[in-house]
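Residue numbers begin at 1 in each chain, while the letters A, B, ... track the order of the sequences.
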Amino acid sequence: MKAKNSFDRHSFFEDVFAVVRLIPKGRVSTYGAIAKYLGTGKSSRMVGWAMNASHAAIPHVPAQRVVNRNGLLTGKFHFTTPTLMQELLEKEGVKIEKDTVQNFEKVFWNPADELL
DNA sequence: GAGGTGACTGCGA
DNA sequence: CTCGCAGCCACCT
């Protein structure tokens with residue numbers, strides 16, 4: 001196939017990036033919430049996969065604010081350093097313990113609830 | 001163009 | 001909370 005990059009056309013990556021960038025500082029969201037908001041619904045994997053390309057997104061996407069439904073920093077190994085994700089969140093006021101967001105229900109930000 | 005992969009989720013136990 | 005199973009779909013080779 002042609003060597004088409006994700007940026008050759010309007011892909012849902014951009015939609016994911018747009019939503020993630022809307023996450024307020026000190027808040028976090030989940031892949032499922034974003035997926036549902038975008039309509040991908042059950043395919044929350046696609047959100048995670050989209051985040052895989054977030055490093056190349058401009059402006060930068062605050063992927064550290066996106067965790068799985070358990071509040072676990074599942075994607076921290078995809079950052080520059082495995083500790084960067086936690087450090088960024090703590091710097092924003094989000095408490096992290098054992099790679100898990102503390103008070104997750106309180107800092108959770110649901111796009112389908114806030115944006116719609 | 002078929003097959004493999006994955007930063008996930010929901011449900012049952 | 002943990003463990004296991006199945007479904008899900010865009011992207012890459």
Side-chain angles (χ1 to χ4, degrees):
Chain A
M1 305 214 267
K2 295 178 180 179
K4 60 178 179 181
N5 293 323
S6 303
F7 303 96
D8 286 348
R9 60 181 171 78
H10 173 264
S11 64
F12 89 174
F13 282 1
E14 295 182 9
D15 292 334
V16 175
F17 299 157
V19 175
V20 175
R21 282 194 282 252
L22 289 174
I23 301 176
K25 180 182 178 185
R27 295 295 206 94
V28 297
S29 189
T30 68
Y31 300 95
I34 297 170
K36 186 173 183 180
Y37 176 75
L38 293 177
T40 50
K42 298 155 186 166
S43 302
S44 46
R45 290 184 164 193
M46 300 304 89
V47 178
W49 187 244
M51 299 311 293
N52 196 357
S54 66
H55 69 92
I58 300 175
H60 178 256
V61 177
Q64 71 275 13
R65 295 176 186 158
V66 183
V67 297
N68 71 351
R69 69 176 171 93
N70 298 321
L72 186 66
L73 282 58
T74 50
K76 69 175 197 164
F77 295 107
H78 290 259
F79 283 75
T80 310
T81 62
T83 58
L84 181 62
M85 187 175 187
Q86 177 175 334
E87 292 178 11
L88 289 171
L89 287 171
E90 290 184 327
K91 193 186 301 181
E92 295 181 353
V94 180
K95 302 294 185 291
I96 308 297
E97 174 116 12
K98 294 176 175 54
D99 301 332
T100 306
V101 177
Q102 300 301 294
N103 301 317
F104 179 59
E105 296 182 16
K106 296 181 181 178
V107 297
F108 174 65
W109 182 84
N110 189 340
D113 188 50
E114 299 289 338
L115 300 180
L116 186 57

S.K.: Could you pull out the closest heavy-atom pair between A63(A) and M51(A), with the gap in Å?
M.R.: CB-CE, 3.3 Å
S.K.: Quick check against the 3.5 Å criterion: does N110(A) have a side-chain atom that pairs as donor or acceptor with the backbone of A112(A)?
M.R.: yes
S.K.: Just checking A63(A): base, sugar-phosphate only, or nothing, at a heavy-atom cut-off of under 4.0 Å?
M.R.: base
S.K.: Which ILVMFWY residues can you reach from F77(A) by hopping between side chains whose heavy atoms are under 4.5 Å apart?
M.R.: none
S.K.: Within this structure, what is the CD-to-P distance between E14(A) and dA10(C), rounded to whole angstrom?
M.R.: 16 Å
S.K.: F17(A) has an atom CZ; how far is it from atom C1' of dA7(B), in whole Å?
M.R.: 12 Å
S.K.: Below 3.5 Å is the cut-off: list the nitrogen or oxygen pairs between protein and nucleotides 4-8 of chain C, distance only.
M.R.:
unit_1, atom_1, unit_2, atom_2, d
dG7(C), O6, R45(A), NH2, 2.3
dC8(C), O3', S43(A), OG, 3.2

S.K.: May I ask you to decide if T30(A)'s main-chain N or O and R65(A)'s side chain share a donor-acceptor pair within less than 3.5 Å?
M.R.: no
S.K.: For the pair made of NE2 in H55(A) and P in dA7(B), what is the distance, rounded to whole Å?
M.R.: 13 Å
S.K.: Hey, can you pull the residues of residues 74-86 of chain A with a non-hydrogen atom under 4.0 angstrom from DNA chain B?
M.R.: T74(A), G75(A), H78(A), F79(A)
S.K.: Spell out, as yes or no, whether a donor-acceptor pair under 3.5 Å connects the side chain of N68(A) to the backbone of G71(A).
M.R.: yes
S.K.: Under 4.0 angstrom, heavy atoms only, what part of the nucleic acid is N68(A) near: base, sugar-phosphate, or nothing?
M.R.: sugar-phosphate
S.K.: Mark yes or no for whether T100(A), through its side chain, and K98(A), through its backbone, hold a donor-acceptor pair below 3.5 Å.
M.R.: yes
S.K.: Please give, in whole Å, the distance from dT9(B) C1' to Y37(A) OH?
M.R.: 21 Å
S.K.: To the nearest 0.5 Å, what is the distance between CD on E87(A) and CD on Q64(A)?
M.R.: 11.5 Å
S.K.: Report the distance from atom CH2 of W49(A) to atom P of dT9(B), rounded to the nearest whole Å.
M.R.: 17 Å
S.K.: Figure out the OH/P separation between Y31(A) and dG10(B), and round it to whole Å.
M.R.: 14 Å
S.K.: Using a strict threshold of under 4.0 Å (side-chain N to carboxylate O), is an ion pair present between E92(A) and R27(A)?
M.R.: no
S.K.: How close or far is atom C1' of dT2(C) from atom CG of N70(A), stated in whole angstroms?
M.R.: 10 Å
S.K.: Picking from L72(A), L73(A), I96(A), what satisfies side-chain contact (heavy atoms from CB on, under 4.5 Å) with V67(A)?
M.R.: L73(A)
S.K.: Could you state the CE-C1' distance from M51(A) to dG6(B), rounded to the nearest angstrom?
M.R.: 14 Å
